[in-house]
Amino acid sequence: MIDTIKEKTEFTFDELSHSYFLGDLLVPSVTEILREFGIVKFGVSGSELENTGSMARGKAVHAACHYLDENDLDWKSISDEIVPYVMAYEKFRIDTGFNPYRIEERMVNTTYAFAGTLDREGTFPKDNHRALIDLKTGHAQKGTALQLSGYDCLLPALSYPRRRFAL
């Protein structure tokens with residue numbers, strides 16, 4: 001199966017179904033794998049209604065932070081509910097000097113056949129050490145460390161470990 005996967009070179013994402021594909025092969029996401037094993041749940045109770053509101057808020061925050069990272073955010077375009085999250089991210093960037101260079105990047109691991117969307121990979125100016133940042137609009141779950149480890153496996157290997165943070 002791995003040989004078949006490696007032969008399929010076109011990596012795509014279907015926005016409507018939130019699905020990743022290598023050619024016509026559907027590959028699971030990091031979050032789907034963790035959810036399948038009961039490691040992560042959406043929302044506090046995991047209810048579908050709660051998931052819908054949390055997911056909408058998360059998407060809006062991610063989009064606004066993406067524009068902020070590209071120096072193209074129109075603060076008037078975001079809702080009052082979203083502003084505090086974006087301000088917190090902006091403060092983090094200013095306080096730490098974090099410089100993101102991968103922003104909301106979709107990636108696939110063809111060896112193990114899974115995919116995901118990294119929130120941020122970047123560096124801190126003090127030591128230029130690479131770090132993964134996962135933006136959260138709620139409390140980090142106990143599976144967040146595994147989520148970040150999964151995203152780390154999507155990236156090229158380094159001779160030293162990346163730092164990983166939920167923000």
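Worth knowing before you read on, the calculation uses all heavy atoms, side chains too, and leaves out hydrogens, waters and symmetry mates.
Cluster membership for L118 and V40, using ILVMFWY side-chain heavy atoms within less than 4.5 angstrom, is shared. Both L68 and F92 sit in one connected hydrophobic cluster of ILVMFWY residues. Membership requires side-chain heavy atoms under 4.5 Å apart, directly or through other members. Y101 and L155 fall into different hydrophobic clusters, defined by Ile, Leu, Val, Met, Phe, Trp and Tyr side-chain heavy atoms under 4.5 Å apart, directly or through other members. Taking hydrophobic clusters as Ile, Leu, Val, Met, Phe, Trp and Tyr residues chained together by side-chain heavy-atom distances below 4.5 Å, I78 shares a cluster with L135. In the hydrophobic clustering of ILVMFWY residues, with side-chain heavy atoms under 4.5 Å counting as a link, F11 and F13 come out together.
K136 has no carboxylate O lying under 4.0 Å from a charged side-chain N of D119, or vice versa, which leaves the two without a salt bridge. Between R120 and E105, no side-chain nitrogen of the basic residue sits less than 4.0 Å from a carboxylate oxygen of the acidic one, so the salt-bridge criterion is not met.
Within a 6.0 Å sphere centred on OH of Y67, other residues, nucleotides and ligands contribute 12 heavy atoms or fewer. Around atom CD of E36, no more than 12 heavy atoms belonging to other residues, nucleotides or ligands sit under 6.0 Å away.
Looking only at side-chain heavy atoms (C-beta outward), H18 and T31 stay at 4.5 Å or farther from each other. Within the 4.5 Å cutoff, side-chain heavy atoms of Y20 are placed close to those of T117. Taking the side chain as every heavy atom from C-beta outward, D69 and E104 never approach each other to under 4.5 Å.
In this structure, CD in E90 is found 10.0 Å from CG in D95, a value given to the nearest 0.5 Å. Remark: R163 CZ to D127 CG distance equals 4.0 Å, nearest 0.5 Å. The structure places CZ of R164 at 9.5 Å from CG of L146, a figure rounded to the nearest 0.5 Å. The distance from the CD1 atom of I133 to the SG atom of C65 is 11.5 Å, given to the nearest 0.5 Å. Separation of atoms CZ (F37) and CD1 (I39) is listed at 7.5 Å; rounding is to 0.5 Å. The structure places CE of M87 at 9.5 Å from CD1 of I94, a figure rounded to the nearest 0.5 Å.
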**OP:** Go through the steps to decide whether W75 and V86 satisfy the test side chain to side chain contact (heavy atoms under 4.5 Å, CB included), and finish with yes or no.
**Re:** CA-CA 9 Å; W75 285 91; V86 181; 3.5 Å; yes

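Across all non-hydrogen atoms, the minimal contact from L154 to V108 is CD2-C, 3.8 Å. Considering all non-hydrogen atoms of both residues, F114 and G150 come closest at CE1-O, 3.5 Å. Smallest separation of non-hydrogen atoms from G97 and P125: O-CD, 3.3 Å. Between Y160 and N128, the shortest heavy-atom distance links the atoms OH-O, 4.3 Å. Between L148 and L132, the shortest heavy-atom contact is O-CD1, 3.7 Å. Shortest non-hydrogen contact noted between A64 and I82 is CB-CG2, 4.3 Å.
Ring geometry for F98 against F124 counts as tilted: the plane angle lies between 30° and 60°, on a 0 to 90° scale.
Side chain of H129 to backbone of P161: a donor-acceptor contact under 3.5 angstrom is found.
Counted by atom type alone, R162 and Y151 present zero donor-acceptor pairs between their side chains at under 3.5 Å.
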